[in-house]
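The structure appears below as structure tokens.
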Number of protein chains: 2
Amino acid sequence: MCAMARPRKPLLSRDRIVETAGALVDAEGLAALSTRRLAAELGVSGPSLYNHFRTKDEILDAVADAVSAKIDLSMFDETDGRDWRTALHDWAVSYRAALADHPHVVPLLAHGPGRRPAGLKVADAVFGGMVRAGWPAAQATYIGALMRYFITGSALGSFARGFVDDEAAYDPADYPHLGQAHLLAERQEKVDEGAFETGLRALLDGLALQYETGVRGQWTARSS
Amino acid sequence: MCAMARPRKPLLSRDRIVETAGALVDAEGLAALSTRRLAAELGVSGPSLYNHFRTKDEILDAVADAVSAKIDLSMFDETDGRDWRTALHDWAVSYRAALADHPHVVPLLAHGPGRRPAGLKVADAVFGGMVRAGWPAAQATYIGALMRYFITGSALGSFARGFVDDEAAYDPADYPHLGQAHLLAERQEKVDEGAFETGLRALLDGLALQYETGVRGQWTARSS
DNA sequence: ACCTGAACACCGTTCAAGT
DNA sequence: ACCTGAACACCGTTCAAGT
């Protein structure tokens, strides 16, 4: 074994680092990603990573952006963009599916796009789509924000998984209405899906109401 | 200075630890809370904490629950509970205010109540209130879940703060609709508040639609 | 340019020792 | 019962040294 300090062909690349980091986070969670562990997975020593990224946070940013890049945005492509409701619905479903595939990454995404290109692309597409559909700029901004609240919230905090599967944890004297709460854990997927669908429908119904009111009044009160 | 191993009166208590930990997290963020730092703040050595909590995570759980305990639940007290919409609205506003006061704690709360008593009290109150107001159990569960999605999502990821205050970050060639995005940072509070209010109104309007439909059809299709 | 080992200043947690 | 210092197995990051 010769201790070669620099190989003729680089052992690492940004892409390979991000890919391996993403796989590790998906498999074992954010806490499992240390620079040493990641380096070991890449067959390299810890400090080597710093030749390609300035900090561990930069690596995590890249992992997060790779997930954002999987969100379908094609529904905002239509040049007329009239049917904003269908577009918003399909986007929300695709958005949530992308996050659900990588639940451990959601906390990284929840704080906004920052300087991540794919995250910015998402914000750009939904804002552009809503404006084209006739929403005033201020409302289009709100829609991008509130949809993100709802979707990342639902992906981050699986409601059902947030309860422990242990009947003894729910003393009827303390929580008179949680007698069935321990069942939530096993029905987790159905409950979270039902809540997401119910909430998304309510959100879109409510926005449709605001759209009609706005169009009738030509957005006099709230446009900016 | 005598090196006393055990004082006659305990130096620590669970309450004092949680209070100091919460203050530290509020002031400097989650990353600033190490067991050694917290112990120093309490005038004590690191391992002392383990006489009162089994792990650091247990301390964080208690900090999170203290925030949940500040959420107003009195709107679900009324024995008739007919006006579910007003109750839900007021609860959402109080919920969000509690989280906004402790933004660094939100990630700890986002994963659900677990075994935290105050978190379970919240889930119990909203579920009970909705059922009393006439919602079927399944829908009441969904409402608790989707409201939490929206509220924690909005508290966790301030939309506006998620954009950097740097015009150069938004190349028009890449993001044709984000020309004003750098302004979001300074208008942060107004944007987040507007998005929250718009989303909450839409959510409640949409749920009212589903309530009316359900009552008319006596929840035949979706009750369980 | 790109990798290495050694080193620095940290972590959470355990444990025997003190009173 | 409740605190202590020492210790273990970790961290992220810097840096001089190698090729």
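Owing to the predicted nature of the structure, the values given are computational and were not obtained by experimental measurement. Reminder, nothing fancy here: chain letters follow the sequence lines and each chain counts from 1.
Out of D/dG12, C/dA6, C/dC3, the shortest distance to the side chain of A/Leu12 is found at C/dC3. Picking from C/dC11, D/dC3, D/dT13 the nucleotide with the shortest atom distance to the side chain of A/Tyr50 gives D/dT13. Comparing C/dC3, C/dG12, D/dG12 by their nearest atom to the side chain of B/Thr35 picks out C/dG12. When distances are taken from the side chain of B/Val44 to each of D/dT13, C/dC3, D/dT4, the shortest belongs to D/dT4.
Of the residues in residues 13-33 of chain A, those lying under 4.0 Å from DNA chain D by heavy-atom distance are A/Leu33.
Residue A/Lys9 contributes atom NZ, which lies 12 Å from atom P of C/dC3 at whole-angstrom precision. Remark: C1' of D/dC11 and CG of A/Asp57 are 14 Å apart, rounded to the nearest angstrom. Whole-Å rounding puts the B/Leu49 CG to C/dC11 P distance at 13 Å. Following rounding to the nearest Å, B/Leu11 (CG) and C/dT19 (C1') show an atom-to-atom distance of 13 Å. Between the P atom of D/dT14 and the CZ atom of A/Arg54 lies a distance of 10 Å, rounded to the nearest Å. Atoms CG (B/Leu38) and C1' (C/dC11) sit 14 Å apart, rounded to a whole Å. Protein atom CG of B/Asn51 is 17 Å distant from nucleotide atom P of C/dA17, rounded to whole Å.
B/Leu203 CG to B/Met147 CE: the interatomic distance, rounded to the nearest 0.5 Å, is 6.0 Å.
Looking at residues two or more places apart in sequence or on another chain, you find no side-chain hydrogen bond (donor to acceptor under 3.5 Å, both in side chains) involving A/Arg14.
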How far apart are the C-alpha atoms of A/Tyr149 and B/Asp192, what are their side-chain angles, what is the distance that settles it, and do they pass the side chain to side chain donor-acceptor pair (under 3.5 Å) test? CA-CA 10 Å; A/Tyr149 296 163; B/Asp192 280 317; 2.6 Å; yes
Decide salt bridge (charged side-chain N to carboxylate O under 4.0 Å, His left out) for B/Arg201 and B/Glu197; before the verdict, give the C-alpha distance in whole Å, the side-chain angles of both, and the deciding distance to 0.1 Å. CA-CA 6 Å; B/Arg201 187 148 42 97; B/Glu197 279 169 25; over 6 Å; no
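The shortest side-chain heavy-atom distance between A/Leu120 and B/Phe163 falls under the 4.5 Å cut-off. The shortest side-chain heavy-atom distance between B/Val93 and B/Leu200 falls under the 4.5 Å cut-off. In this structure the side chain of B/Leu42 reaches within 4.5 angstrom of the side chain of B/Leu38, judged on heavy atoms. Annotation: side chain of A/Leu108 is in contact with side chain of A/Val105 (closest heavy-atom distance under 4.5 Å).
The phosphate of D/dC2 (OP1 or OP2) has no side-chain N or O of B/Ser48 nearer than 4.0 angstrom. Between A/Ser45 and C/dC3 there is no side-chain N or O to OP1 or OP2 distance below 4.0 Å. Phosphate contact (OP1/OP2 of D/dC3, side-chain N/O of B/His52, threshold under 4.0 Å): present.
Taking the six-membered ring for Trp, B/Phe150 and B/Phe196 have ring centres closer than 6.0 Å.
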Pairs counted only when both distances fall under 3.5 Å, Watson-Crick or G-U: show me the 5' to 3' dot-bracket for DNA chain D, [ ] for pseudoknotted crossings and | for other-strand partners. ||.|||||...|||||.||
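Position along DNA chain D of the nearest nucleotide to A/Lys56 versus B/Arg36 favours B/Arg36 as the more 5'-ward residue.
A donor-acceptor pair shorter than 3.5 Å cannot be found between the side chains of A/Asp166 and A/His182.
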